[in-house]
Amino acid sequence: MSMGLPLGAALAACGTSGPGSTGGGGASGGGGAKASYWFLSTEPQEGVRRRTAERFNQANPNGQLEFTTFQNDAFKTKIKTAIGAGEAPTIIWGWGGGGLRSYVQAGQVEDLTSWFDENAAVKDKLFPSSFGAATVDGKVYAMPCETMQPIVLYYDKRAFEKIGAEPPQSWGDIMDLVPKFNAKGIAPFSLGGQSRWTNMMWLEFLFDRMGGPEVFQAVFDAEKDAWNNPVAIDALTKMQDLIKADGFIKGFSSITADSNADQALLYTGKAAMMLHGGWTYGSMKQDGGDFVSGGNLGYMNFPPIDGGKGDPGNTVGNPGQYMSISSKATAEQKEIAKKFFSTELISDKSAEEWVSTGAVPVIKGSEKFFTNSEDADFLNFVVGIANNAKVFQQSWDQALSPTAAEVLLDNIAKLFQLSIGPQEFATNMNAVIGK
């Protein structure tokens, strides 16, 4: 699979955009040493994570995992606070990229480079491209895990039948569809805008389709005034054009992704389309009645933009999730984590369970579980995107430092609320380049 920064370096990533809707906690039984492990809630993903940890505990009574679950946004706050206080869990689940770099710079996570060298069989089970966001300055600080999740343009086939139209094949088509859906009382796009990172996915595709990955690459490389690139200003303008045209559900800024309310708007017929992560397929299948099983859900890669220079085969999103080991953990806890990494985390059973949720594992050979899956079409679609993408770009707020990412998300929210314009957005973001 091809992904990475322009010029061949890896920009693999784990987007901000992960699932999360229900809080809660759980813990193992058993004696002996215990390693703590926090991860995101929301089914069906939480169930796979939980059962994977439970199988490990059953096989290792003297070296157990204690796990606790959090909603997406709550997790992000909790993990940053805990790491900053030197009280991180043994296993630090995350998205790699800029967040991981900040942990490395603070000396909070273990260097796993030599461990992977000594355990070549583990590394060989994972797609090589998944290691990009696990790597900082040439060293590996995280274990790629779970699934690859490109951002997908989902649509309700029933909504398109109502207006007698086909799915958009260009940005021009998107803008043409907006008044047609609004005239029928159907919101063109669902959006959980209160979560902010959901808005960001739109900008990621606009920048890429209009100017190619080089536009954000300049920001990533901390080039001065990179956000003032004319392509960036044009993309930000196009974004506000769609918002002003009532392209999104009314009140989108008060809708949260953690509650899956944005997905519900799609499968209940209130919105025609939704740009969201690959993980939402499983959630919609589980919660949306016969929306998925009845063949009403359509999906596609984001279409090209008229006159754009970007490759329409490119994608953004999560080519994996990542687990690091806290440098503050005891030697026993670190060994439990490493044993988990090399056994149950990458087992066939784990891969099979991820496939059952409608997701593609980062574990090589997982395609063997597609054959009997009722989700085979979607799974092959995801694999096709990953295989065909020259660039599978990291979500911006994970590629950047936590400081710059927070400013980014804040300004994206303001941009979508139309309280700032493209130039003010660019000025505000240029002020935190490299910080």
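Everything numeric in this text was worked out from a predicted model, so none of it was measured. Quick note: numbers below take in every heavy atom, side chains included, and nothing from hydrogens, waters or symmetry partners.
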Subject >> Contact check, side chains of Phe416 and Ile243, non-hydrogen atoms, under 4.5 Å >> reply: yes

Original post:
Taking Ser395 for the side chain and Gln398 for the main chain, is one N or O donor matched with an acceptor at less than 3.5 Å?
Top reply: no

Subject >> Note: Glu214-Lys309 ion pair, threshold 4.0 Å (strictly below) >> reply: no

Subject >> Test item: Glu66 and Thr90 side chains (from C-beta on) under 4.5 Å apart, heavy atoms >> reply: no

**OP:** From the options Tyr37, Phe39, Trp38, select the one residue that forms a side chain to side chain contact (heavy atoms under 4.5 Å, CB included) with Ile91.
**Re:** Tyr37

Subject >> Check: Lys34 main-chain N/O paired with Gln333 side-chain donor or acceptor under 3.5 Å >> reply: yes

Original post:
For residues Glu344 and Ser347, is any side-chain donor paired with an opposing acceptor at under 3.5 Å?
Top reply: yes

Original post:
Looking only at atom types and distance, does a side-chain atom of Gln45 sit under 3.5 Å from a main-chain N or O of Trp279, one as donor and one as acceptor?
Top reply: yes

Subject >> Nearest heavy atoms of Arg50 and Glu46, plus distance in Å >> reply: NH2-OE2, 2.6 Å

Original post:
How are the rings of Tyr154 and Tyr299 set relative to one another: parallel (under 30°), tilted (30 to 60°) or perpendicular (over 60°)?
Top reply: perpendicular

**OP:** Provide the closest heavy-atom pair for Ala88 versus Ile83 in the form atom of the first, atom of the second, distance.
**Re:** CB-CG1, 3.6 Å

Original post:
In terms of ring plane angle, is the pair Trp93 and Trp95 parallel, tilted or perpendicular, where the classes change at 30° and 60°?
Top reply: perpendicular

Original post:
Is there a side-chain contact between Phe291 and Gln263 (heavy atoms, below 4.5 Å)?
Top reply: no

Original post:
Got a donor-acceptor contact below 3.5 angstrom from the Asp208 side chain to the Val316 backbone?
Top reply: no

Original post:
Quick one: do the Thr147 and Gln149 side chains pair a donor with an acceptor below 3.5 Å?
Top reply: yes

Original post:
Between Gly192 and Asp262, what is the shortest heavy-atom contact and its length?
Top reply: N-CB, 3.6 Å

Original post:
Are Phe207 and Phe216 close enough, and set up right, to give a ring pair (Phe, Tyr, Trp, His ring centres under 6.0 Å), and what steps lead you there?
Top reply: CA-CA 7 Å; Phe207 275 53; Phe216 180 71; 7.8 Å; no

Subject >> Residue pair Tyr141 / Tyr322, side-chain heavy-atom distance below 4.5 Å >> reply: no

**OP:** Using a strict 4.0 Å threshold on nitrogen-to-oxygen distance, state whether Arg101 and Asp137 make a salt bridge.
**Re:** yes

Original post:
Do the ring planes of Phe75 and Phe70 sit parallel (below 30°), tilted (30 to 60°) or perpendicular (above 60°)?
Top reply: tilted

**OP:** Check for a donor-acceptor pair, side chain of Thr256 on one end and backbone N or O of Ser195 on the other, with a separation under 3.5 Å.
**Re:** no

Original post:
How far does CG of Asn411 sit from CD of Glu406, to the nearest 0.5 angstrom?
Top reply: 10.0 Å

**OP:** Could you check if a side-chain atom of Pro167 sits within less than 4.5 angstrom of a side-chain atom of Leu153, using non-hydrogen atoms only?
**Re:** no

**OP:** Kindly state whether the ring of Tyr155 and the ring of Phe160 have centres lying under 6.0 angstrom apart.
**Re:** yes

Original post:
Does NZ belonging to Lys334 count more than 12 external heavy atoms closer than 6.0 Å?
Top reply: yes

Original post:
What about Phe370 and Phe378, are their ring centers closer than 6.0 Å?
Top reply: no

Original post:
Can any side-chain N or O of Gln64 pair as donor or acceptor with the backbone N or O of Asn57 at less than 3.5 Å?
Top reply: yes

Subject >> Gap separating the CD atom of Glu110 from the OG atom of Ser326, nearest 0.5 angstrom >> reply: 8.0 Å

Original post:
What's the shortest heavy-atom distance between Met200 and Leu409, and which atoms?
Top reply: SD-CD2, 4.3 Å

Original post:
Going by atom types alone, do Asn119 and Lys123 pair a side-chain donor with an acceptor below 3.5 Å?
Top reply: no

